[in-house]
Amino acid sequence: MVEDGRTDVWVDTQSAEDLLSRAQELVPTALEKAKEANWFPGRWKMIISKIEHVPSRLSDLSSHPFFSKNALCKEQLQAVTKTLGETIELAELCSQERYGGKLQMQSDLDALSAKLDLNLRDCGLLIKTGVLGEATLPLVAINSSVEPEASTPWNIRELLARLQIGHLESKHRALDNLVEVMKEDEKNVLAVLGRSNISALVQLLTATSPRIREKTITVICSLAESGSCENLLVSEGVLPPLIKLLESGSTVGKEKATISLLRLSMSADTARSIVGHGGVRPLIEICQIGDSVSQAAAAGTLKNLSAVPEVRQNLADEGIISTMINLLDCGLLLGSKEYAAECLQNLTASNDTLRKSVISEGGVRSLLTYLDGPLPQESAVGALRNLVGLVPMEALDSHGLLPRLVHVLKAGSLGAQQAAASSICRVCSSTEMKRLVGEAGCIPLLVKLLEAKTNSAREVAAQAISSLVALSQNCREVKRDEKSVPNLVQLLDPCPQNTAKKYAVSCLTSLSSSKKCKRLMISYGAIGYLKKLSEMEIPGSKKLLERLERGKLRSLFSRK
């Protein structure tokens, strides 16, 4: 490839036909001289076999209809011509025994062989990439500036082709321009991006130059965040070099690599692959010592990994539990803490061993402290819900569980309120705990939650109340709430989507000892609902219906 000002000028002033003619003339001369070389016969035999393939590559290029208009084609012909000239020079030195030193000549011949490999490969790639289908700008013009009007699909395709063709320095220059084009016209880049371009970028992630790796990961990070080529990136082997960057990359490299993995790990299959490639340990280390952005991205990636049940134990073995609890306490960004809470919620979803580990590491205290914020997060309440059944009542009380649940029921999102109500269901296994929940002020908030927009929230609120009203003082508080009976009667709706009806029946049965509550139930239409529920054999509905109908008859007789 063209790498200096002198040869650039040659490319600009020589036509493609002239360059082709010159290369074709040099091939027989190079072959003849190579066969006459007396020294290093093994190396020359290999070089000769490669030169013999040059004519077919030149023929492929020259037969293309846009052969004479393509800057890349002209540059490639110039590179082939230069390599053939070097072959003739070295062959003459070897045949005349005029080389300076044996080791130096061996090195020069190895370098010549590598150049021939590169020339043959690049000529083939020019055909495969499709860039010969249109005239393109010479490398000098591209390096001068990236004008908005030059950012056309064919110019972008040519830039992408340069990532695969030529020496590392020319690829470096192509990367510089691609980074700029991505900032201005990412849509067009994505439109012409192909598997071979992705593969070339992935290979550049392992370049020896830190600058090239840094620019490459910047492009790959943009591609991952675009959401349009995750599968291509993974199938072309991007995960191992990304994980390597986590371990030994620059600050920018680590940040971009973690952001890339955050996006890619949203796929369960990719999450498994990240674990399989040893990505957990470096992600955990970044959570412990990384800067704020990298820390948040690493925590988010680990959260995505924890969503896959079969890898949760692997994560725990690498120390993820203590790391996430520490993030809850000391995370640099709120995002890091949110990811940590979600991760703990995933880890504790269905595994008692992991739940016990979170409890023993102090996770309950950290989750409760995190809930003190003005907008308590659903994930933290969900994690607590998964843990409370394994924590003694005394410990929950001393940690201040109930005031936090009240705070969530007042200030949390609907999902957080639902998780809080579910937590109440799980802790109310004893009369004492039911008393404490009632005294904490949860009942009016649960009654209000019966009006929630989602069926699942209404159901869990009704379930919590049905458990609490088993205690007489709680039952009296529910009776005193003006909204309790109307809200519960609404939940007698027999439609299949209403899964709260059995709990509503249970709650209303407990309240039916009050004449006032029975009258309210009747006035809000409970009898009509209960008749349908009785036909559906919903537990307790027939008994409650009979009570209300007897009360209605007595009321009629008393009026007479």
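What you find for Ile321 and Ala316 is that their closest heavy atoms are CD1-CB, 4.3 Å. Contact between Ala457 and Gln418 at its shortest, heavy atoms only, is N-OE1, 3.5 Å. Taking each heavy atom of Gly85 and Leu26 in turn, the nearest pair found is N-CD1, 4.4 Å. Across all non-hydrogen atoms, the minimal contact from Cys287 to Ala299 is SG-N, 3.6 Å. The two residues Gly290 and Leu332 come nearest to each other via the heavy atoms O-CD1, 3.9 Å. Of all heavy-atom pairs between Val189 and Met182, the closest is CG1-SD, 3.4 Å.
Annotation: the span from Ser306 atom OG to Leu344 atom CG amounts to 8.5 Å, rounded to 0.5 Å. Separating the CD1 atom in Ile320 from the SG atom in Cys343 is a distance of 3.5 Å, to the nearest 0.5 Å. Distance check, rounded to the nearest 0.5 Å: CG of Leu387 to CZ of Arg426 gives 9.5 Å. Remark: Leu384 CG to Ser423 OG distance equals 6.5 Å, nearest 0.5 Å. For the atom pair CD of Gln24 and OG1 of Thr29, the computed distance is 12.5 Å after rounding to the nearest 0.5 Å. The structure places CG of Leu163 at 5.0 Å from CG of Leu201, a figure rounded to the nearest 0.5 Å.
Put simply, the side chain of Ser357 gets close to the backbone of Thr353: a donor and an acceptor are under 3.5 Å apart. Formation of a donor-acceptor pair under 3.5 Å by the Ser360 side chain with backbone atoms of Lys356 is found in this model. Side-chain N or O atoms of Ser294 include none that pairs as donor or acceptor with a backbone N or O of Asp291 at under 3.5 Å. Panel note: side chain Asp329, backbone Asn326; no donor-acceptor pair is recorded below 3.5 Å. A donor-acceptor pair under 3.5 Å is absent between the side-chain atoms of Asn304 and the main chain of Ala271, judged by distance alone. Proximity of a side-chain donor or acceptor of Thr270 to a complementary backbone N or O of Met266 within less than 3.5 Å is not detected. A distance-only check finds a donor-acceptor pair linking the side chain of Gln377 to the backbone of Leu375 [under 3.5 Å]. Checked by atom type and distance alone, the side chain of Gln345 never pairs as donor or acceptor with a backbone atom of Gly382 at under 3.5 Å. Without hydrogens or angle criteria, Asn177 side chain to Arg173 main chain gives a donor-acceptor distance under 3.5 Å.
Partners of Asn314 under the side-chain hydrogen bond (donor to acceptor under 3.5 Å, both in side chains) rule, at least two apart in sequence or in another chain, do not exist in this structure. In this structure, Arg57 has no side-chain hydrogen bond (donor to acceptor under 3.5 Å, both in side chains) partners at least two apart in sequence or on a different chain. Contacts of Lys303 classified as side-chain hydrogen bond (donor to acceptor under 3.5 Å, both in side chains), with partners at least two apart in sequence or in another chain: none. With sequence neighbours excluded, the residues that form a side-chain hydrogen bond (donor to acceptor under 3.5 Å, both in side chains) with Gln203 are Ser199. Residues passing the side-chain contact (heavy atoms from CB on, under 4.5 Å) test with Ser107: none are found, sequence neighbours excluded. Partners of Asp352 according to the salt bridge (Lys or Arg N to Asp or Glu O under 4.0 Å) rule, which considers only residues two or more places apart in sequence or in another chain, are Arg355.
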Distance-only criterion, 3.5 Å: show the donor-acceptor pairs between side-chain atoms of residues 246-256 and protein atoms not counting sequence neighbours.
| from | atom 1 | to | atom 2 | distance (Å) |
| --- | --- | --- | --- | --- |
| Ser248 | OG | Lys244 | O | 3.2 |
| Ser250 | OG | Glu214 | OE1 | 2.6 |
| Ser250 | OG | Gly253 | N | 3.1 |

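In this structure the side chain of Leu327 reaches within 4.5 angstrom of the side chain of Gln295, judged on heavy atoms. At least one side-chain heavy atom of Ile284 sits under 4.5 Å from a side-chain heavy atom of Gln288. Within the 4.5 Å cutoff, the side chain of Leu264 has heavy atoms near those of the Leu242 side chain. Looking at Leu90 and Trp44, their side chains come closer than 4.5 Å, going by heavy atoms from C-beta outward. Under the 4.5 Å side-chain criterion, counting only non-hydrogen atoms from C-beta, Leu367 is not in contact with Val364. Annotation: side chain of Val54 is not in contact with side chain of Thr83 (no heavy-atom distance under 4.5 Å). Side-chain contact check for Val202 versus Ile198: some heavy-atom pair is nearer than 4.5 Å. Using a 4.5 Å heavy-atom cutoff, the side chains of Thr87 and Lys33 are not in contact.
Screening residues 218-232 for side chain to side chain donor-acceptor pair (under 3.5 Å) gives Ser226-Ser228, Glu230-Arg263 as the qualifying pairs, with residues at least two apart or on separate chains. Each salt bridge (Lys or Arg N to Asp or Glu O under 4.0 Å) pair with one or both residues in residues 304-315, not counting sequence neighbours, appears once here: Arg272-Glu310. Applying the salt bridge (Lys or Arg N to Asp or Glu O under 4.0 Å) rule to pairs touching residues 191-208 yields Arg195-Glu236, sequence neighbours excluded. Identified under the salt bridge (Lys or Arg N to Asp or Glu O under 4.0 Å) test for residues 372-389, with sequence neighbours left out: Asp372-Arg404. Listed by first and then second residue, the salt bridge (Lys or Arg N to Asp or Glu O under 4.0 Å) pairs involving residues 276-288 are Arg281-Glu318 (not counting sequence neighbours).
Heavy atoms of other residues, nucleotides or ligands lying less than 6.0 angstrom from CG of Leu414 number more than 12. The environment of His53 atom NE2 is sparse: at most 12 non-hydrogen atoms of other residues, nucleotides or ligands sit within 6.0 angstrom.
In summary, Lys115 and Asp110 do not engage in a salt bridge, as defined by a charged side-chain N under 4.0 Å from a carboxylate O.
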Start with the C-alpha distance between Glu338 and Ser379, add both sets of side-chain angles, then the distance that settles side-chain hydrogen bond (donor to acceptor under 3.5 Å, both in side chains), and finish with yes or no. CA-CA 7 Å; Glu338 290 172 13; Ser379 53; over 6 Å; no
Stepwise, does the side-chain hydrogen bond (donor to acceptor under 3.5 Å, both in side chains) test hold for Asp108 with Gln104? CA-CA 6 Å; Asp108 291 344; Gln104 181 60 52; 2.9 Å; yes
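With hydrogens and angles left out, the side-chain atoms of Asp317 and Gln313 include a donor and acceptor closer than 3.5 Å. A side-chain donor-acceptor contact under 3.5 Å links Lys50 and Ser113.
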